[in-house]
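Note that this is a predicted model, so its numbers are computed, not measured. Every number for a ligand or one of its atoms is a count from 1 in the order of the listing.
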Amino acid sequence: MPSLSDPIISIKGLGKKTSDRLNQLGIHSLEHLVFHLPRRYQDKTSITPLSRANVNDEILIELTIDRIEVVPSRQRQLLCYLSDNQNHRILLRFFHFTQYQKQALIRGETIQCFGEIKIGRQGLEMHHPEYRVISQNQKPLLESTLSPIYPLCSGISQNKMKQWVNYSLEVLQISQLDDYFEKITQQSMPSLKSSLMLLHHPEKNEDLSKIESFKHISQQRLIIEELATHQLNLLKTKKARKSKKTNAFKIQDSLSNKLLGSLDFDLTNSQSRCIKEINEDLSSSEPMLRLLQGDVGSGKTIVAVFALIQAVENNYQAVIMAPTEILARQHLQNFTDYLKPLNIQIAYLSGSQNPQERRGHLDFIESGEAKVVVGTHALFQESVNFENLSLVIIDEQHKFGVHQRLSLSKKANKTPHQLVMTATPIPRSLTMSAYADLDTSVIDELPLGRQAVETVALSNSRRDELIEKIKKISDEGRQIYWVCTLIEESEVLRAESAEKTFNYLTDNLKDLTVVMIHGKRTKSEKEMIMRDFEKGKINLLVATTVIEVGVNVPNASLMIVENSERLGLAQLHQLRGRVGRGSEKSICVLMYQSPLSANAKERLDILRQSNDGFMIAQKDLELRGPGEILGTQQTGIASMKIANIVRDAYLLKEAGYYSSKMLEASEDSQNAMIRRWIDDEKTHYFDA
Ligand code: ADP
Ligand code: MG
């Protein structure tokens, strides 16, 4: 007996070549065909009288052939004139046709045609309609249900696809589906089987507009199951993690009180709450995996420092990894300021160290003398050994791949506590789906006294006006970033373009120290430049987007971004976040090349109107989809079968409810659901 798990090659008449083609659409088995839902539908369930035909309607008509004519122009055409018994007329136009086709179209015969109504010089027309001469006993086009139109790939015809899907639906009819979801919804929603049947062949009285907007109960049911299954998959990971044992920290105040006293600011309420949440996790023997979210400049770093200190209090080692050398170096600087007075030893590892220096730090880490370790990707290399690593902190976590993060955690004897920090806020719908396996802490306020960055958009043609502005700002003793977003194709052209901007600025700002930093500089050159900028030795820093992440120079108060229309919202918000870090009023100038597309204009407007990273992230998600925001993480969220995280966000809460119910199911039922909805290769970033 055929089964849904049969490969498509088992379908009669479907050969190897076709099978390969379908594989490209992700279709390998009959089950995949069953989930290959129509892109839209045609309504051939009734015949529309010509008197009620509107232009652009796709309709089925039935008429009599009046006359046939071949126009012998440069491009030959076959014209077929039709009318009904009230003398309404329409013209069929064929731009290519066979002799056989022409001979079958005979005056006086009755014909059914399906196609789009167009308007021509002589009135209504249809071009290349699907048709049957029913008076010659051809099978009528009239159908009892709506006709599905499936997504295709090259070399596959609509008719063939319909045939294969219909075959799979027959197999579905006779199959026993393990449908645990149905059990937990207690039949409050249609079954999987009936939902799929309905969506492939909706009855004619079905509300198509609901289906088109993905709000039909049969779609909602599938969407909820898919979302819930993705969450289930993550919850399983979380459960597995929590069943492991790690070192429970005994939370102590002496070092943290000292640190608190040494700060020249008070923590915000949000920061204190996040520290408390983290401490609670650290004091448990279940390994922590917590996501610390906060807007740009909300002060995530200091929260991380309080976590590090708890590791030290308990005589364990802690490590913090940053995605760039500049950022790691900056953390080292800050941590040294914070932790040296408390007698805490810090080691540093980065790619630019010479072997001797590196050896020194490696020994320092291995002996356990260094309690806190700061570094870049260099941290997870094989030669790095810890004495008793117990806490791993990842800054700007979206810049790291799963293997990188894991290879660092593996350096601990037991699964370590982990804190992962974001660069910008993540929209709630994504936290609920892609990050369901993590606990989350949110810093949802900025430190007191911060002023919103004023954001203006300026056409490239007005670049000269910026020169005066730059002079004024640096006269006031403050510093400026100028970011070239390099759009040229080749590396050479890119370098040239940045060089040109640099020359323009140095020529026009002779009294200022203008320095350029870009990818081609060596690591130590870059570090030196950043240090000089931090110390105020540089007035204007011309940079490629290497300054995007994390950099903290509170004295900088003007940010200029070239070609801003090319960048995503979150990225621009990150760049803008480099200013407004002190108490001075800051400005961000978004330069653009006119004319702006409607979409680009919308994006720049959003930034001009809002400094709220949470709102901006949500807009970014709507405009660009989840893939961009999730970065290097491969979650299945970005490519689900039916659900769409933006469109269906309103169903996430319900899905969450069902996912926790699913977690109570037998291992077999859970795995059956996961197999149904999630492709094997889409493993999750946080699997451990
Ligand atoms: P981000 O969240 O973007 O990583 P940082 O941790 O780099 O932000 O903090 C930005 C700046 O704000 C730093 O100069 C930091 O010292 C300062 N800061 C952090 N917390 C506070 C606070 N509660 N009050 C005032 N300044 C703070
Ligand atoms: Mg940061």
Side-chain angles (χ1 to χ4, degrees), residues 256 259-276 278 290-309 320-339 341 374-376 393-400 419-426 440-453 478-479 481 530 533-536 545-557 559 570-584 586 588 611-614 616-617 631:
S256 30
L259 174 63
L260 210 52
S262 73
L263 295 178
D264 51 14
F265 52 76
D266 291 332
L267 295 177
T268 61
N269 287 335
S270 293
Q271 285 172 317
S272 306
R273 177 176 37 75
C274 292
I275 292 170
K276 199 162 151 261
I278 292 166
R290 186 169 281 276
L291 179 70
L292 177 62
Q293 292 206 57
D295 204 346
V296 178
S298 60
K300 294 180 283 287
T301 316
I302 192 72
V303 173
V305 175
F306 278 96
L308 294 172
I309 277 191
I320 177 162
M321 179 161 74
T324 64
E325 187 113 15
I326 289 174
L327 198 53
R329 173 62 72 177
Q330 185 182 286
H331 282 334
L332 175 66
Q333 183 62 53
N334 286 333
F335 292 4
T336 308
D337 293 347
Y338 292 136
L339 303 179
V374 182
T376 61
I393 302 181
I394 313 278
D395 195 10
E396 316 268 342
Q397 53 87 21
H398 68 291
K399 299 269 178 180
F400 293 98
L419 180 68
V420 296
M421 307 203 283
T422 61
T424 42
I426 299 171
T440 318
S441 290
V442 185
I443 307 181
D444 49 13
E445 63 187 319
L446 292 180
L448 267 178
R450 289 278 168 81
Q451 298 191 41
V453 178
R478 283 173 289 128
Q479 294 161 279
Y481 294 102
M530 282 317 295
F533 189 64
E534 268 168 45
K535 287 185 192 144
T545 46
V546 286
I547 60 147
E548 175 189 338
V549 285
V551 172
N552 185 36
V553 180
N555 190 47
S557 69
M559 161 65 67
Q571 204 180 5
L572 285 170
H573 182 62
Q574 256 301 310
L575 280 172
R576 174 170 63 179
R578 295 315 108 211
V579 295
R581 301 192 146 238
S583 49
E584 299 294 339
S586 294
C588 174
N611 269 289
D612 176 355
F614 282 90
I616 289 167

Exercise for review: For ligand 1, find out whether one of its N or O atoms is nearer than 3.5 Å to an N or O atom of Pro554.
Suggested key: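 In this structure, Pro554 places no N or O atom under 3.5 Å from an N or O of ligand 1.
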Item to complete: Please indicate whether any nitrogen or oxygen in Gly297 is less than 3.5 Å from any nitrogen or oxygen in ligand 1.
Response: yes
Should you measure from each heavy atom of [X], which atoms of ligand 1 turn up under 4.0 Å away?
X	value
Val296	3 (O)
Thr268	23 (N)
Gly299	1 (P), 2 (O), 5 (P), 6 (O), 8 (O), 9 (O), 19 (C)
Thr301	4 (O), 5 (P), 6 (O), 7 (O)
Leu267	23 (N)

Which is it for [X] and ligand 1 at heavy atoms under 4.0 Å: side chain, backbone, both or neither?
X	value
Gln330	neither
Asn552	side chain
Asp266	backbone

Looking at Asp444 and Arg273, is there a salt bridge between them, counting it only when a charged N and a carboxylate O are closer than 4.0 Å?
yes
- Query: Do any heavy atoms of Met421 fall under 4.0 Å from ligand 1?
  - Reply: no
field: ligand 1 contact by Gly294, heavy-atom criterion under 4.0 angstrom
entry: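 The answer is no, since Gly294 has no heavy atom less than 4.0 Å from ligand 1.
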- Message: If we count only N and O atoms by modelled type, under 3.5 Å, do the side chains of Glu445 and Ser270 hold a donor and an acceptor together?
- Response: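 There is such a pair (donor and acceptor under 3.5 Å, judged by atom type) between the side chains of Glu445 and Ser270.
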Looking just at side-chain N and O atoms, do Gln271 and Thr268 make a donor-acceptor pair shorter than 3.5 Å?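 Thr268 and Gln271 do have a side-chain donor-acceptor pair below 3.5 Å.
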Out of Glu445, Arg450, Lys300, Gln293, the nearest non-hydrogen contact to atom 2 (O) of ligand 1 is supplied by Lys300
With a 4.5 Å cut-off on side-chain heavy atoms, are [Y] and [X] touching?
X	Y	value
Leu291	Ser441	no
Arg576	His573	yes
Asp295	Lys300	no

Please report the C-alpha distance between Thr422 and Glu396 in whole Å, then the side-chain angles of each, then the deciding distance to 0.1 Å, and finally whether the side chain to side chain contact (heavy atoms under 4.5 Å, CB included) criterion is met. CA-CA 5 Å; Thr422 61; Glu396 316 268 342; over 6 Å; no
Parallel, tilted or perpendicular, as decided by the 30° and 60° cut-offs, for the rings of His331 and Phe335
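Phe335 and His331: parallel rings.
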Evaluate whether atom CG of Asp266 has more than 12 neighbouring non-hydrogen atoms of other residues, nucleotides or ligands under 6.0 angstrom away.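 Check fails, neighbour count at 12 or below.
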